[in-house]
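To keep things clear, I will list the structure first and then write my remarks on it.
As the structure is a prediction and not an experimental result, all values here were calculated from the model. A, B, ... follow the sequence lines: proteins, then strands. Residue 1 opens every chain. Computed from heavy atoms alone, side chains included, the values below leave out hydrogens, waters and symmetry copies.
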Amino acid sequence: MKTHGAGTLRAADVGTEVTLAGWVGRRRDHGGVVFVDLRDASGIVQVVLNPDDAPASEQELSSLRMEYCISISGLVHLRPDDMANPELPTGEVEVVANTMTVLSPSETLPFQIDDRIEVDEARRLQYRYLDLRRPSMTENLRARSKVIRAMRNVMDDLGFMEVETPTLIASTPEGARDMLVPSRLRKGNFYALPQSPQLFKQLLMIGGVERYYQVARCYRDEDLRADRQLEFTQLDFEGSFWGQEDVLATLEAISTRVTKDLRGIDVDQPFPRLTWHQAMERYGTDKPDIRFDMQITDLSDVFAETGFKAFSGVLASGGSIRGINAGALGLSRSGLDGLSARAQELGAKGLVWMVTEDDGGFRSPVAKFLSETELEEISTASAAEPGDVVLIVADETQTVLEVLGQIRLEVGQPDGHDELAYLFVVDFPVFERNEDGDFVALHHPFTAPVDVREMSEDPGHAISKAYDLVLNGSELGSGSVRIHDPAVQAKVFETLGISDEDAERRFGWFLEALRYGTPPHAGFAIGIDRLVAILQNAPNIREVIPFPKTQTGADPLTGSPSRVDDDQLRELGVEVRPAVMAEWAVDEAAGD
RNA sequence: GGGGGCGUGGUGAAGUCUGGAGUUCACGCCGGCCUGUCAAGCCGGAGGUCGCGGGUUCAAAUCCCGUCGCUCCCGCCA
């Protein structure tokens, strides 16, 4: 039906007889000659419909409208002198049609197919099939495809085998909320959709696969965000007889290949590394954006003897005082005070700003409370140049780090849009405490501790063989060396407060598997949606997902999630709770 | 569960703070003119229950209360 892609035609094709098919992007009707920007998946080319060539009846030519699906045949011409369009890759040529057929007319669209117009996202999702015609969306889908292809190529080159794992699995209520699917054959029982293929890929290692990967759809029933959807896609991989370095080297191979294929950028290897502790101390987060420096400096020692009550009090109660040199922010007095307000909003008692004067002194509301020595030491410790703004927070150490880390992101200016700063964060703690003070696994409970004895004796400080891949301040994924020793696995469950019976009931099948010669193994999962979004400079992952959900988990196009017939529920042995039915009744009454 | 932003012809925006006739701009749509434009141009036209409900007022897009939707964030996301 077509011989060429519209966007592929170049000066070299001049003189070629082509048949094209696509959509009318723009129509410029001069009463006689009609120009059409013909758009297909490959791009756009100008088609000239001249009544003198009789490609169609004059009535048909004048009735062409935007987004009509048409096909044309004609000759590729070089455009007349001075009429090339440098904005288009095909701008040097045009196709002079000798036939034109309307394949499928279009009603007036609910919005225009135009990258320059920002349409309400609910409307875009309701008509996603039209939204996808926008060149930026076409490009995002293509980029996603390229990324996945690059990943598969690397994995194949490295000898990995793609294996599919089930998506109807047993629920293991731990971590995120499971998506549940009722079973008809076993009424009252439920499958869960996987949060990740974690345990299955470990079973594959026990099964002797050695090198596994999968482009895996994962599900987590938690609230949505710009970088979180209910379902998302990971490149999941695992290797036997592997340790941390093998995984990190593989991640470098994948990331550099993807970046090269998609953006043509050569990323330096090896990627920089920070320990989790270093990341927290220097950037106040476990996913630092290292496109700019602006590290957090500990100023507690500077104020050890201070007479400034706000600072001495914090130190006396075991907190710390830290600051960042935010550089020349060019903010007014009220702008600087705004930063203090922002710090309070983020949970700090306050924030002190100090503007460096030309003579090296400071202009600051608190300068008069600080000694000459203290001021000098602040200046030295933060390497402040004239004009630089030093921001200081004094509070509990964790609060100080979190607040400064966030302020850093808000005042920091990444140098270039195109810069891609990959980073490994390693040596994560094994456990963290939840709000009740109990230990919970920071990564997941199948993560190997660096030292089992240390883990038992001082779980709060134990380090695990877990690592993250970070890109421009976003967590792209996590991985770890897994536990292959059933005794260690039991120890971890014990520390987590999971009883033997509980562990047996929930993970017994897995604990048993570990007992049959489990190879040491390690792996990782990369969030593909997040990676593609960053590489495409997209503001959220919905832009790189063809049919995403809104923030309330709905699809405005198909109307999911939706209620189902009583018959369907009866077959499943499932009933909607009366309280929920009552809410429906209220909604319906309000709707009438 | 909590906090912020947004909701105005088909689309995007201004108008809302400080109440006074559905006012304005661009695109699209309909009709007309136009044979080299490229976000074509020119002329004319149609199109809106200002998300929804209630309140205050002589008068509400505008103020107040509630509610729904979208979005950003916190909690949550082993």
Side-chain angles (χ1 to χ4, degrees), chain A residues 25-38 44-53 58 61-63 65-67 77 79-88 90-91 94 96 107-127 130 172-178 195-196 198-199 218-230 232 345-347 402 406 410 428 430-432 434-435 439-447 464 466 475 478 480 492-493 496 498 506-507 527 539-540 542 549-552 554 556 586-587 590-592:
Chain A
R26 286 269 167 188
R27 146 195 72 103
R28 291 176 290 280
D29 184 348
H30 287 252
V33 67
V34 177
F35 297 95
V36 162
D37 289 339
L38 187 72
I44 291 174
V45 72
Q46 173 164 281
V47 171
V48 183
L49 298 162
N50 193 322
D52 300 343
D53 304 327
E58 294 207 24
L61 289 185
S62 63
S63 68
R65 290 295 179 271
M66 289 211 282
E67 297 306 314
H77 283 242
R79 292 206 192 183
D81 287 346
D82 300 331
M83 297 211 180
N85 182 350
E87 304 289 314
L88 282 181
T90 60
E94 61 191 8
V96 178
E107 294 182 7
T108 300
L109 300 162
F111 56 86
Q112 287 161 257
I113 312 295
D114 192 330
D115 279 337
R116 288 163 301 209
I117 297 171
E118 232 177 273
V119 180
D120 179 62
E121 197 172 344
R123 174 99 22 198
R124 290 174 56 202
L125 291 181
Q126 184 187 349
Y127 297 95
L130 297 178
T172 54
E174 174 106 10
R177 214 174 272 118
D178 277 330
Q195 298 181 26
S196 91
Q198 183 60 34
L199 291 178
C218 304
Y219 305 83
R220 293 180 190 170
D221 190 5
E222 297 292 346
D223 286 359
L224 293 81
R225 289 276 198 288
D227 62 351
R228 277 160 38 185
Q229 282 273 306
L230 295 177
F232 57 100
E345 207 175 290
L346 291 167
E402 277 172 17
Q406 186 57 40
E410 290 174 16
F428 273 73
V430 184
F431 305 109
E432 63 181 344
N434 65 14
E435 67 272 15
F439 284 117
V440 294
L442 187 65
H443 187 45
H444 56 57
F446 313 104
T447 302
S464 69
E475 180 197 318
S478 301
S480 62
V492 169
F493 283 145
L496 288 171
I498 299 174
R506 282 154 61 179
F507 302 111
N540 61 63
R542 295 185 300 277
K549 306 277 188 288
T550 66
Q551 197 162 34
T552 49
V586 171
D587 290 348
D592 289 343

**Q.** Nearest heavy atoms of L496(A) and A441(A), plus distance in Å
**A.** CD2-N, 3.3 Å
**Q.** Any-strand Watson-Crick or G-U partner of rU49(B), both distances under 3.5 Å
**A.** none
Q. Looking for any heavy atom pair under 4.0 Å, which part of the strands does L442(A) touch: base, sugar-phosphate only, or nothing?
A. sugar-phosphate
Q | Complementary nucleotide for rC42(B) - Watson-Crick or wobble, under 3.5 Å | A | rG32(B)
Q) Between A466(A) and S480(A), what is the shortest heavy-atom contact and its length? A) CA-CB, 3.8 Å
Q: Using atom types as modelled and distance alone, determine if a side-chain donor or acceptor of Q229(A) lies under 3.5 Å from a backbone N or O of L224(A).
A: no
(Q) So is the aromatic ring of F35(A) stacked onto the base of rU37(B), judging by whether the centres are under 5.5 Å apart and the planes are under 30° apart? (A) yes
Q) Expressed in whole Å, how much space separates the P atoms belonging to rA21(B) and rC50(B)? A) 15 Å
Q) In the 5'-to-3' direction, what one-character label does each nucleotide of nucleotides 25-32 of chain B receive under the scheme B = base within less than 4.0 Å of a protein heavy atom, S = sugar-phosphate only, - = no such atom? A) --BSSSS-
**Q.** Heavy-atom closest pair, residues V119(A) and R124(A)
**A.** O-CD, 3.4 Å
Q.
Applying a 4.0 Å non-hydrogen cut-off, can you work out what P445(A) is touching in the nucleic acid: base, sugar-phosphate, or nothing?
A. base
(Q) Taking any heavy-atom pair under 4.0 Å as a contact, classify E94(A): base, sugar-phosphate, or nothing. (A) base
Q: Hunt down the Watson-Crick or G-U wobble partner of rU56(B), both distances under 3.5 Å, from any strand shown, or write none.
A: none
**Q.** Nucleotide rG2(B), atom C1' - distance to CD of E345(A) in whole Å
**A.** 13 Å
Q: Starting from P on rG10(B), measure out to CD on Q126(A) and report it in whole angstrom.
A: 13 Å
(Q) For R220(A) and V96(A), find the nucleotide of RNA chain B closest to each by heavy atoms; which residue's nucleotide sits nearer the 5' end? (A) V96(A)
Q | N/O donor-acceptor pair under 3.5 Å between R220(A) side chain and Q195(A) backbone | A | yes
Q: Look at R28(A) and rA40(B) and indicate whether a side-chain polar atom (N or O) is within less than 4.0 Å of OP1 or OP2.
A: yes
Q | Test item: R228(A) side-chain N/O and D223(A) main-chain N/O as donor-acceptor pair under 3.5 Å | A | yes
Q. How close or far is atom C1' of rU11(B) from atom CG of L130(A), stated in whole angstroms?
A. 13 Å
Q) Tell me, do H30(A) and F35(A) make a side-chain contact under 4.5 Å, heavy atoms counted? A) yes
Q) Does a sphere of radius 6.0 Å around CD in E107(A) hold more than 12 heavy atoms from other residues, nucleotides or ligands, not counting ones at 6.0 Å or beyond? A) no
Q) Could you state the CG-P distance from D52(A) to rG36(B), rounded to the nearest angstrom? A) 11 Å
Q.
With a 3.5 Å distance limit and no angle check, can you tell me whether R542(A) reaches the backbone of T550(A) through a side-chain donor-acceptor pair?
A. no
Q) Taking all non-hydrogen atoms of both residues, which atom of P110(A) and which atom of L130(A) are closest, and how far apart? A) CD-CD1, 3.6 Å
Q. Ring-on-base stacking between H30(A) and rG36(B), under 5.5 Å between centres and under 30° between planes: is it there?
A. no
Q: Figure out the CG/P separation between D29(A) and rC33(B), and round it to whole Å.
A: 11 Å
**Q.** Spacing of the P atoms in rG10(B) and rC6(B) (rounded, Å)
**A.** 22 Å
Q) Mind checking the C1' distance from rU67(B) to rG28(B)? Whole angstroms is fine. A) 33 Å
Q. Taking atom C1' in both rG15(B) and rU24(B), what distance in whole Å separates the two?
A. 8 Å
Q: To the nearest Å, give me how far apart OH (Y127(A)) and C1' (rG10(B)) are.
A: 10 Å
Q.
With a sphere of 6.0 Å drawn around CD of E58(A), does it hold more than 12 non-hydrogen atoms of other residues, nucleotides or ligands?
A. no
Q.
Suppose you measure atom C1' in rC58(B) against the same atom in rG12(B); what distance do you get, rounded to whole Å?
A. 36 Å
Q | rA60(B) and rU8(B), which share atom name C1', separated by this distance in whole Å | A | 14 Å
Q: Please work out if D221(A) contacts a base, only the sugar-phosphate, or nothing of the nucleic acid, heavy-atom cut-off 4.0 Å.
A: nothing
Q | Lys/Arg-Asp/Glu bridge criterion (N-O < 4.0 Å) met for R28(A), D37(A) | A | yes
Q) Using a cut-off of 4.0 Å between protein heavy atoms and nucleotide atoms, how would you tag nucleotides 68-76 of chain B 5' to 3' with B, S and -? A) --SBBSBBB
Q.
Could you tell me how far rG75(B) sits from rG55(B) if I compare only their C1' atoms? Round to whole Å.
A. 35 Å
Q. Which whole-number value in Å describes the distance from Y219(A) OH to rC77(B) C1'?
A. 17 Å
What protein N or O atoms touch nucleotides 3-9 of chain B N or O atoms at under 3.5 angstrom, if any, and at what distances?
none

(Q) In whole Å, measure the gap between the P atoms of rA26(B) and rG44(B) for me. (A) 12 Å
Q | Residue closer to the 5' end of RNA chain B, R79(A) versus F111(A) (nearest nucleotide) | A | F111(A)
Q: Look at the aromatic rings of Y127(A) and F111(A) and report parallel, tilted or perpendicular, splitting at 30° and 60°.
A: perpendicular
Q. Is rC27(B) paired to anything, Watson-Crick or G-U wobble with both distances less than 3.5 Å, and if yes, which nucleotide?
A. rG10(B)
**Q.** Heavy-atom side-chain proximity of R27(A) to S62(A) below 4.5 angstrom
**A.** no
Q. Which part of the nucleic acid, if any, lies within reach of V440(A) when heavy atoms closer than 4.0 Å are counted: base, sugar-phosphate only, or nothing?
A. nothing
